[in-house]
Amino acid sequence: MIAAADFNITKVQRSKLNDINLENIPFGKYFTDHMLEVDYEDGEWKTPEIKPYQPLLIAPSLAALHYGQSIFEGIKAYKNPKGEANVFRPHDNFKRFNISAERMQMPQVPEDIFIEGLRLLIELDKNWIPNQEDHSLYIRPFMFSTDEMIGVRPSDKYKFMIILSPTGPYYNNPMRIYVEEQYVRAVPGGVGYAKAAGNYGAAMYATAEAKKKGYDQVLWTDAFEHKYVQECGTMNVFFIIGDEAITPDLGAGTILAGVTRDSVMETLKDIGLTVKEKSLSIDEIIDAHKSGLLREVFGTGTAATISLIKELRYKEYVMDFDVDLWKIAPEVKSRLNQIRYGLAPDRHNWMFKI
Ligand SMILES: *Cc1c(COP(=O)(O)O)cnc(C)c1O
């Protein structure tokens with residue numbers, strides 16, 4: 001058990017915050033004063049360090065660069081009207097991180113390092129959490145292999161880190177989405193359910209191709225028939241069809257179990273919709289659209305919370321939506337934001353106080 005006293009903490013001499021305007025900051029560009037760093041060696045985690053944010057010195061033979069044992073998480077902290085910092089469901093990200101670690105043959109990170117480290121780090125850099133609407137502090141825990149040796153095998157050494165980035169709104173404009181029929185993100189038996197770095201590199205080519213055609217993102221479909229929908233870019237996807245909210249089920253291991261996805265499902269139930277996790281084919285979506293039952297389509301994830309989809313294109317069939325008329329997705333987003341910013345009671349116990 002690692003307690004607060006067991007962290008080595010070195011503070012900056014002078015905060016960089018004096019030089020940065022926290023209004024309308026771009027996503028992921030600025031980092032706070034401190035970071036957490038801890039090494040795994042000889043089968044155990046060493047003393048975690050919290051120290052000034054700084055570059056790492058790495059060997060060219062660093063295993064992670066060659067064979068991709070590298071995983072990450074994305075979490076957010078918010079300020080409430082009293083100026084207190086709260087983190088949204090970090091224990092869920094902690095559990096998912098270790099699921100990713102297991103799949104990538106990497107060591108488990110103990111809760112005392114992940115959660116307590118995150119808490120200490122945010123406490124130290126609390127002034128970096130912006131006060132404005134739709135702003136927050138993005139938390140990026142990650143781990144990668146650090147053996148200095150070229151040979152395909154699991155590394156003996158690893159580094160776990162947490163960095164923090166103050167952030168404004170992220171892809172807020174309604175999106176045009178291209179239903180992908182050629183490239184795939186995940187297959188049963190693969191690593192789609194893990195937040196493994198390689199999944200994102202592997203998706204970039206297909207996304208760039210969709211961008212050339214004028215789309216913002218792809219809607220991934222299953223690898224065998226390109227028929228069953230999976231996720232929208234790096235977000236989970238929801239379809240409101242009649243009085244039901246439908247999102248693809250996690251059964252095949254091809255979908256990342258989003259913490260936002262889970263929170264959106266709970267919130268949809270709170271507002272009286274029937275929520276179904278099931279396999280959903282593009283044909284069912286088109287049928288619902290033709291019969292006027294397809295009401296809303298949106299993506300969910302920590303970075304954007306909810307992103308509305310204004311156009312969905314499958315082959316030559318284009319589904320256009322007037323997102324200004326939508327009620328459900330904006331209501332869900334507003335409810336989640338109220339909880340995050342401490343403006344509504346946290347009935348689900350989602351907020352973790354720093
Ligand atoms: C991170 C991620 C999501 C969203 O997960 P959240 O926990 O809601 O942020 C969805 N899909 C993919 C592929 C992701 O990497």
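Within the 6.0 Å centre-distance limit, the rings of Phe160 and Phe114 are counted as a close aromatic pair. When ring centroids are compared, His91 and Phe352 come within the 6.0 Å threshold. Two rings, from His135 and Tyr78, have their centers 6.0 Å or more apart.
Taking all atoms of both residues into account, the shortest heavy-atom contact from Lys79 to Ile129 is NZ-O, 3.3 Å. Between Leu62 and Ser145, the shortest heavy-atom contact is CG-O, 3.7 Å. Of all heavy-atom pairs spanning Pro174 and Asp216, the tightest one is O-OD2, 4.2 Å. Closest of all the heavy-atom pairs between Phe321 and His289 is CE2-CD2, 4.1 Å.
Between the Asp147 side chain and the Asp156 main chain, a donor and an acceptor come within less than 3.5 Å of each other. Under a 3.5 Å cut-off, the side chain of Asp222 and the backbone N or O of Tyr228 do form a donor-acceptor pair. With hydrogens and angles ignored, the 3.5 Å screen pairs no side-chain donor or acceptor of Trp350 with any backbone N or O of Val87. Proximity of a side-chain donor or acceptor of Thr267 to a complementary backbone N or O of Ser263 within less than 3.5 Å is detected.
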Side-chain donor-acceptor pairs under 3.5 Å in residues 190-202, sequence neighbours left out?
unit_1 : atom_1 : unit_2 : atom_2 : d
Asn199 : ND2    : Val191 : O      : 3.1
Asn199 : ND2    : Ala194 : O      : 3.0

Which donor-acceptor pairs under 3.5 Å do the side chains of residues 65-74 make with protein atoms, sequence neighbours left out?
unit_1 : atom_1 : unit_2 : atom_2 : d
His66  : NE2    : Pro60  : O      : 2.8
Gln69  : OE1    : Ser155 : N      : 3.1
Gln69  : OE1    : Tyr158 : OH     : 3.3
Gln69  : NE2    : Met104 : O      : 2.9
Gln69  : NE2    : Gln105 : O      : 3.0
Gln69  : NE2    : Tyr158 : OH     : 3.0
Glu73  : OE1    : Asn93  : ND2    : 2.9
Glu73  : OE1    : Arg96  : NE     : 3.4
Glu73  : OE1    : Arg96  : NH2    : 2.7
Glu73  : OE2    : Arg96  : NE     : 2.9

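Heavy atoms from other residues, nucleotides or ligands lying under 6.0 Å from NZ of Lys213 number more than 12.
In this structure, Arg313 pairs ionically with Glu316, as a charged nitrogen and a carboxylate oxygen lie closer than 4.0 Å. Between Lys126 and Glu123 there is no salt bridge, since none of the side-chain N atoms of the basic residue sits less than 4.0 Å from a carboxylate O of the acidic one. A salt bridge links Lys278 with Glu284; the closest basic N to acidic carboxylate O contact falls under 4.0 Å. We find that Arg261 and Glu277 are joined by a salt bridge, their nearest charged nitrogen and carboxylate oxygen being less than 4.0 Å apart. Ion pair Arg89/Asp262 flagged as a salt bridge, since at least one NZ, NE, NH1 or NH2 atom sits closer than 4.0 Å to an Asp/Glu carboxylate oxygen.
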Check the pair Tyr178, Glu209 against side-chain hydrogen bond (donor to acceptor under 3.5 Å, both in side chains), reporting the backbone distance first and the verdict last. CA-CA 10 Å; Tyr178 186 82; Glu209 291 290 296; over 6 Å; no
Are Trp128 and Asp33 close enough, and set up right, to give a side-chain hydrogen bond (donor to acceptor under 3.5 Å, both in side chains), and what steps lead you there? CA-CA 9 Å; Trp128 286 83; Asp33 289 326; 3.2 Å; yes
Go through the steps for Thr146 and Glu41 under the test side chain to side chain contact (heavy atoms under 4.5 Å, CB included), then give the verdict. CA-CA 10 Å; Thr146 54; Glu41 247 184 273; over 6 Å; no
side-chain hydrogen bond (donor to acceptor under 3.5 Å, both in side chains), that's the test. Do Thr305 and Arg340 meet it? Break it down for me. CA-CA 11 Å; Thr305 305; Arg340 287 166 165 159; 2.9 Å; yes
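Taking 4.5 Å as the limit, every side-chain heavy atom of Thr32 sits out of range of all side-chain heavy atoms of Lys16.
Checked against Ile113 for a side chain to side chain contact (heavy atoms under 4.5 Å, CB included), the options Leu118, Val38, Asp6 give a single hit: Val38. Put simply, the residue from Ile163, Ile9, Ile50 that forms a side chain to side chain contact (heavy atoms under 4.5 Å, CB included) with Leu121 is Ile50.
For the pair Lys159 and Tyr40, the NZ or CZ position fails the cation-pi test of under 6.0 Å to the six-membered ring centre and within 45 degrees of the ring normal.
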